[in-house]
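Residue numbering restarts at 1 for every chain, and letters A, B, ... go by the order of the sequence lines. Predicted model, so just to flag it, every value in this text is computed and none were measured.
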There are 2 protein chains.
Amino acid sequence: MTSNRSVPTLYDVAKTAGVSTATVSRCLNSPEQVVEHTRKRVLEVVHQLGYTPNFGARAMAAKRTYTIGAVIPTMENAIFARGLQAFQEELRARGYTLLVSSSAYDPQIEEEQIRALIARGADGLLLIGHDRTETVAEYLEKQGTPALAAWSFEEKGALPSVGFDNRRAMQALAEEVLALGHQRIGVISGITSGNDRARRRVEGIRDAVAGAGLAENCVTVVETPYDIANGADAFATLMHAADRPTAVMCGNDVLAAGALKAAREMGVCVPHDVSVTGFDDIELAGILSPSLTTVHVPHREMGRKAAQALMSMVQHGTSGKTALLETHVCLRGSLAAPGGL
Amino acid sequence: MTSNRSVPTLYDVAKTAGVSTATVSRCLNSPEQVVEHTRKRVLEVVHQLGYTPNFGARAMAAKRTYTIGAVIPTMENAIFARGLQAFQEELRARGYTLLVSSSAYDPQIEEEQIRALIARGADGLLLIGHDRTETVAEYLEKQGTPALAAWSFEEKGALPSVGFDNRRAMQALAEEVLALGHQRIGVISGITSGNDRARRRVEGIRDAVAGAGLAENCVTVVETPYDIANGADAFATLMHAADRPTAVMCGNDVLAAGALKAAREMGVCVPHDVSVTGFDDIELAGILSPSLTTVHVPHREMGRKAAQALMSMVQHGTSGKTALLETHVCLRGSLAAPGGL
DNA sequence: GCGCAAAATGTAAGCCGTTGCATTAAGTTA
DNA sequence: TAACTTAATGCAACGGCTTACATTTTGCGC
């Protein structure tokens, strides 16, 4: 049997404390406007009654919620975790609450979640990447809710962005791979449709290959959802092909973890028989064996900067300055010259 | 420059369609009450104006939001990811939206987040574990918002729970370890203060030790936050002690991953020189080498059942039936008899 | 002790939906 | 066609808070 005492309202507090609702409201929102002893008394009553402002009412009256929403593709792996954590810490320090929801990499669900978050009064939105339908852009525009795209830098995107250049980052890694003499590159990419990060990374590899003067068909790409098991399957597929690659570049560390697992199970030695690389440099990369060559992404810095940029959009209505972050290649044990040379 | 057209309201729609606000509201919420041609006209206007109901106003008027909140200790590792994903899927199928926030294992922040979510109108709450102050319990009671504790089953907890018995689960694993002949057990636990799961797991180990007739001081416990790096440090600490343990049991797979990493770096061979175990059986466990002996937790099932239980509390006001899920020990390469016997 | 500016507090008008109840339109039956 | 039932719609109160503006207190200089 749940309690029947109804939740106390501003009015209850005001009555009990013997002041007007306006004063109570001010005690909560701009305490400096209320004289010490009044404030103290009111806050006491607030505490005593266990009063919490009704959010809906507040949002309606004030038109802001001190809430930031984020829609990320997945919570299932750690790709976004660290950046999001930093993002949240920064927001919290400024009195904002972060609400997260995930889209399972489904544009339809993403749109739903965006609407849900905006409807719930989010003052600003953090989204991942730039691939999004016209509808969404229009909706955001119309609602006038500032939104920022992260994990991917795009000069001319529909949204201002804080992120890195996925294409160049992967290109740099591919150049290292090619410099070692690899000539047949297998690529395990995430699903590129609706995912600009994944697409750009593949492009980066092709850039490097072209830059090295190799033929396009040196590269074999397999697309699969980001997931360890899928990475393992894709690796097996690549290794069973007629022309085994000597290096397998993965779209992220999770896929690479799967590739390494499959290699171990197939008795393929990394890096002697085949090299494997990842992308993201999540903590996972360091505990694999061999440890994973990958691209380091400054997740925490990205989260922090994204928060700052979004805050400034929300608070000062600025149009949001984009920020391009640097990544760097992390050479580790999983990459070597072909044939163990 | 953002758009100035203000967001259309119910009133705008009503005016444009030439009906009352009540009729528009009914078109949206109980269409069967409105005659076909009126409904059609209204919905057309809704679409044309791009109208979205104001959530705050709706929540205030209707007193429900079709939103469920979850406060989890961390998003940084995958411990809660899979279960939460299943939880969300189940909710979504029933027309509910899930909003997640994280507490960084800080009770203070957890309380803040609970309030934030309830204030935002969450119809129900998913919390992790049972350690929570009196204040929180009272608050939840007073607000009359149903809440469910997951990841930990407790018959007599303040909240109904869907989860497993952390103590027995770990005890079962410890019994396997002891059966192999280990007599000095190192334990790397998460911080037990405010974390009943961590505490119960340590208790489970002690139960097993006592059950095997060994002295209490066979067990050395180190507490550290859940994190790969901390797991590594703790492992080093344990191995540098006078009486090296022959088996190190970790509070979860993440700590165990750190332990394995440290072992590799220290040149300690697992399982020959020392055995290592984890808890949770997250995907990580399968890609480590040696692969990790751990306790398998049915994450997806737990998420699904939690959603069902919470939904029934929210929708029918039932008091919430608790559910105890089964776990099982997963024996893998990281555990062997002491001294490689 | 008076007059006045500044500080503190109060008053009341929204904000945008939902819904109980009243009213009107439509449909049925004799 | 009158009388009456039922379906469709409208009216308006209400929910809890913020804030512009009005009013009362306080503090200070003379």
**Prompt:** Quick one: do the R120(A) and T67(B) side chains pair a donor with an acceptor below 3.5 Å?
**Reply:** yes

**Request:** Assign each of T23(B) and A57(B) to its nearest nucleotide of DNA chain D by heavy atoms, then name whichever residue's nucleotide is nearer the 5' end.
**Result:** T23(B)

**Fill in**
Here the pair of heavy atoms bringing P146(A) nearest to V314(A) is CG-CG2, 3.9 Å

**Options dT9(C), dG17(C), dT18(D), nucleotide nearest the side-chain atoms of V35(A)** = dT9(C)

**Request:** Specify the separation, in whole Å, of atom CG of N54(A) and atom P of dC17(D).
**Result:** 6 Å

**Request:** On the 0 to 90° scale, with breaks at 30° and 60°, tag the Y226(A)-Y105(A) ring pair as parallel, tilted or perpendicular.
**Result:** tilted

**Request:** Kindly assign one of parallel, tilted or perpendicular to the pair W151(B) and H299(B), based on the angle between their ring planes and the thresholds 30° and 60°.
**Result:** tilted

**Asked** To the side chain of T21(A), which of dA12(C), dG10(C), dC16(C) is closest?
**Response** dA12(C)

**Asked** With respect to the side chain of A61(A), which nucleotide from dT18(C), dC11(D), dG16(D) is positioned closest?
**Response** dG16(D)

**Request:** Map E32(A) and A22(A) onto DNA chain C by nearest heavy atom, then report which one ends up closer to the 5' terminus.
**Result:** E32(A)

**Message:** Using the side-chain heavy atoms of L10(B), tell me which of these nucleotides is nearest: dT18(C), dT18(D), dG10(C).
**Reply:** dT18(C)

**Prompt:** What is the distance, rounded to the nearest whole Å, between atom CE of M60(A) and atom P of dG17(C)?
**Reply:** 9 Å

**Message:** Go nucleotide by nucleotide along DNA chain D from the 5' end; which of R58(B) and T38(B) gets its closest nucleotide reached first?
**Reply:** T38(B)

**Message:** I need the CZ-P distance between R26(A) and dA12(C), as an integer number of Å.
**Reply:** 14 Å

**Request:** Whole angstrom is fine here: how far is it from CG in L28(A) over to P in dT19(D)?
**Result:** 12 Å

**Item:** R64(B) CZ to dG17(C) P, straight-line distance once rounded to whole Å
**Value:** 15 Å

**Asked** In whole angstroms, how far is the P atom of dC16(C) from the CG atom of L49(B)?
**Response** 14 Å

